[in-house]
Amino acid sequence: MELVQVNQGCKIESNVLLKNKSHNNSDEIKLLKVPTENIYPFIEANTKNVSLFNLKNDCIIPVFSKDNEKTLAHQEFIEITQTSIQKVFTNHVLLEPEIRVSHQIKGRTANAIYKPVKELLEHEKTQYFERMAFIIRIPSITENINGNNVALTVGGVRAYNQENLYNRKTYEKFKFFIGFQNMVCCNLCISTDGFQDEMRVGNYHELQTKIIELIQGYNAQNHLLEMKRLSEQNISEQQFAQLIGRAKLYNYLPKSEKSLIPELLLNDGQISTVAKDYYLDKSFCRNDNGDINLWNVYNLFTGANKSSYIDSFLSRNVNAFDFTKGLANSINGDSNYHWFLS
């Protein structure tokens, strides 16, 4: 399997794709505007869209209260990622980051401490966002799976609620991934080797080093091959109904029984969304005889996952991929996931 570099119409082999090439002397990062037709956010839940400019100019930076040391700010995480991508993919142009934030923390400047809220001026208000997720797409690296174009995508999550800001500065936690985005629906496709759930770092350079290591260790060709295989296997309407019913039961199983079954992280409401979209989703619904291929099932899972909060979004996305691969193995005789289809 090969990756298509669409801006030059040629193929990129995996050993070239993931090689850390020597970069140009210029540190300038080339960015393209996100296409206006990209109307689907990669995560919804209770998030809103902001720009990197907004984060830099409209938000304060939290500190560790006991020593007043600043945290690595959301915008720094994004800029470190941009720089890291450019060090690996030196000949590619990136899209501007798509940034989603939630859990706004409001404040005010000291000179406005006694003012009524309605009298506050804009420069007297402060804010930062407790949780932030972003993606940066590399539009020149694409592949087609079951008629859907997927583009190489890098991103991360920062959640200050996972830091002890009431203490002294210590290692800070980040979530980071590299994978693909399905451009039909903007769902993210993330595999285990392209994801680190807790990246603990003490400074800018440690974060950059770990990001580059993860990017270089990611096996894009294997991930694409596994996703293509999903499109080659179908389940019947009866099997899909069995899957939904078992998935509904899963969250209520006694712990002793649950521990014997592979993990499924989607919640009850998200499973209901999957069931609804089996009939209604324009891109990934059942076919005329009721069958549905596992690529479509996977995209129903990742579509439902968009309702997750920022801090659980990536882990559920990775789980959706592992779970769907497990269903494929079950069809081929692997008993581990057989409970969901039996």
Item to check | Residue pair T83, I80: steps toward the side-chain contact (heavy atoms from CB on, under 4.5 Å) verdict | outcome: CA-CA 5 Å; T83 302; I80 290 168; 5.8 Å; no
I'd like to know if the side chain of [X] reaches the main chain of [Y], judged simply by a donor and an acceptor atom lying under 3.5 Å from each other, with no hydrogens or angles considered.
| X | Y | result |
| --- | --- | --- |
| N287 | G290 | yes |
| Y128 | H74 | no |
| E172 | L72 | yes |
| E257 | P254 | no |
| T71 | P62 | yes |
| D67 | K169 | yes |

Counting heavy atoms not belonging to [X], are there more than 12 under 6.0 Å from its [atom1]?
| X | atom1 | value |
| --- | --- | --- |
| K70 | NZ | yes |
| E96 | CD | yes |
| H205 | NE2 | no |
| Y309 | OH | no |
| Y204 | OH | yes |

Checklist entry - Do L120 and I60 sit in the same hydrophobic cluster, where Ile, Leu, Val, Met, Phe, Trp and Tyr count as joined when their side-chain heavy atoms come under 4.5 Å apart? => result no
Checklist entry - Hey, quick one: are V201 and F64 part of the same hydrophobic cluster, counting side-chain heavy atoms closer than 4.5 Å, chains of contacts allowed? => result no
Verify whether one side chain among [X] and [Y] offers a donor that lies under 3.5 Å from an acceptor in the other.
| X | Y | answer |
| --- | --- | --- |
| S307 | Q270 | yes |
| N144 | N149 | yes |
| K125 | T109 | no |
| Q239 | N234 | no |
| H92 | S140 | yes |
| D58 | N54 | yes |
| T192 | D322 | yes |
| S102 | R131 | no |

N-O pairing of [X] and [Y] below 4.0 Å:
| X | Y | result |
| --- | --- | --- |
| R137 | E98 | yes |
| E124 | K115 | yes |
| E44 | R100 | no |
| E79 | K56 | yes |
| E130 | R158 | no |

Quick one: does [X]'s side chain get under 4.5 Å of [Y]'s, heavy atoms only?
| X | Y | value |
| --- | --- | --- |
| L341 | L243 | yes |
| N332 | Q233 | yes |
| L152 | F89 | yes |
| Q181 | C189 | no |
| Q238 | Q242 | no |
| Y218 | H223 | yes |
| F284 | Y298 | no |
| I78 | T81 | no |

Which atom pair, heavy atoms only, marks the closest approach of [X] to [Y]?
| X | Y | result |
| --- | --- | --- |
| Q162 | K173 | O-NZ, 3.1 Å |
| N299 | N187 | O-ND2, 3.1 Å |
| A320 | F301 | CB-CB, 3.9 Å |
| H338 | S330 | CA-OG, 3.3 Å |
| N293 | S231 | CB-O, 3.8 Å |
| Y40 | C185 | CB-O, 3.6 Å |

Out of curiosity, [X] [atom1] to [Y] [atom2], how far, rounded to the nearest 0.5 Å?
| X | Y | atom1 | atom2 | answer |
| --- | --- | --- | --- | --- |
| I145 | R229 | CD1 | CZ | 12.0 Å |
| K276 | L300 | NZ | CG | 11.0 Å |
| S272 | I244 | OG | CD1 | 8.0 Å |
| T324 | N296 | OG1 | CG | 11.0 Å |

Checklist entry - Step by step, would you call T153 with F180 a side-chain contact (heavy atoms from CB on, under 4.5 Å)? => result CA-CA 5 Å; T153 302; F180 286 86; 5.7 Å; no
Please find out if less than 6.0 Å separates the ring center of [X] from that of [Y].
| X | Y | answer |
| --- | --- | --- |
| F134 | F77 | yes |
| F340 | F323 | yes |
| H103 | Y160 | no |

Checklist entry - Can you list every pair that meets salt bridge (charged side-chain N to carboxylate O under 4.0 Å, His left out) and has a residue in residues 190-205, with sequence neighbours left out? => result K175-D197, E198-R200
Next on the checklist: Would S308 and N305 count as a side chain to side chain donor-acceptor pair (under 3.5 Å) here? Give the steps.
Outcome noted: CA-CA 5 Å; S308 295; N305 182 48; 2.7 Å; yes
Item to check | Trace of the salt bridge (charged side-chain N to carboxylate O under 4.0 Å, His left out) decision for K248 with D268 | outcome: CA-CA 6 Å; K248 288 274 191 178; D268 194 63; 3.5 Å; yes
Checklist entry - Transitive ILVMFWY cluster of F313 at side-chain heavy atoms under 4.5 Å: who else is in it? => result F42, I43, I135, V157, F177, L188, I190, F195, I310, L314, V318
